[in-house]
Amino acid sequence: MSKQGPKPALPRVKEPPPLPSLDELIAESRALGWDDLADSMEKLRHLETPEGQKALERREKRLSRL
């Protein structure tokens, strides 16, 4: 049997850059003129607030009764 040389080192995997915040995405979409997309993202931001969570829970209860 032949001897194998040293194993090559595994390449290091670079960490991906951090994702942009929702506010940055909204600002960028407004700058590009995509106002409808920015409006949709603002609605998503509202759902992260406590008031938005309560509204979402009410909607889920209402839909579960159908």
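Here, residue 1 is the first one in the sequence, and each next residue gets the next number. It should be emphasised that the depicted structure is a prediction, and the values quoted were computed from it without experimental measurement.
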J.: Look up atom CG in Asp36 and atom OG in Ser29, then write down how far apart they are to the nearest 0.5 Å.
T.: 8.5 Å
J.: Nearest 0.5 Å please: distance from the CG atom of Leu25 over to the CG atom of Leu44.
T.: 10.5 Å
J.: Tabulate below the donor-acceptor pairs under 3.5 Å that side-chain atoms of residues 51-66 make, not counting sequence neighbours, or state none.
T.:
from, atom 1, to, atom 2, distance (Å)
Gln53, NE2, Leu47, O, 2.8
Ser64, OG, Glu60, O, 3.4
Ser64, OG, Lys61, O, 2.7

J.: If you group Ile, Leu, Val, Met, Phe, Trp and Tyr by side-chain heavy-atom gaps below 4.5 Å, do Ile26 and Leu32 land in one group?
T.: yes
J.: Listed by chain and number, what are the side-chain hydrogen bond (donor to acceptor under 3.5 Å, both in side chains) partners of Glu42, not counting sequence neighbours?
T.: Arg30
J.: If you round to the nearest 0.5 Å, how far is CE of Met41 from NZ of Lys43?
T.: 12.5 Å
J.: Keeping to residues at least two apart or across chains, list the salt bridge (Lys or Arg N to Asp or Glu O under 4.0 Å) pairs with something in residues 16-29.
T.: Asp23-Arg45
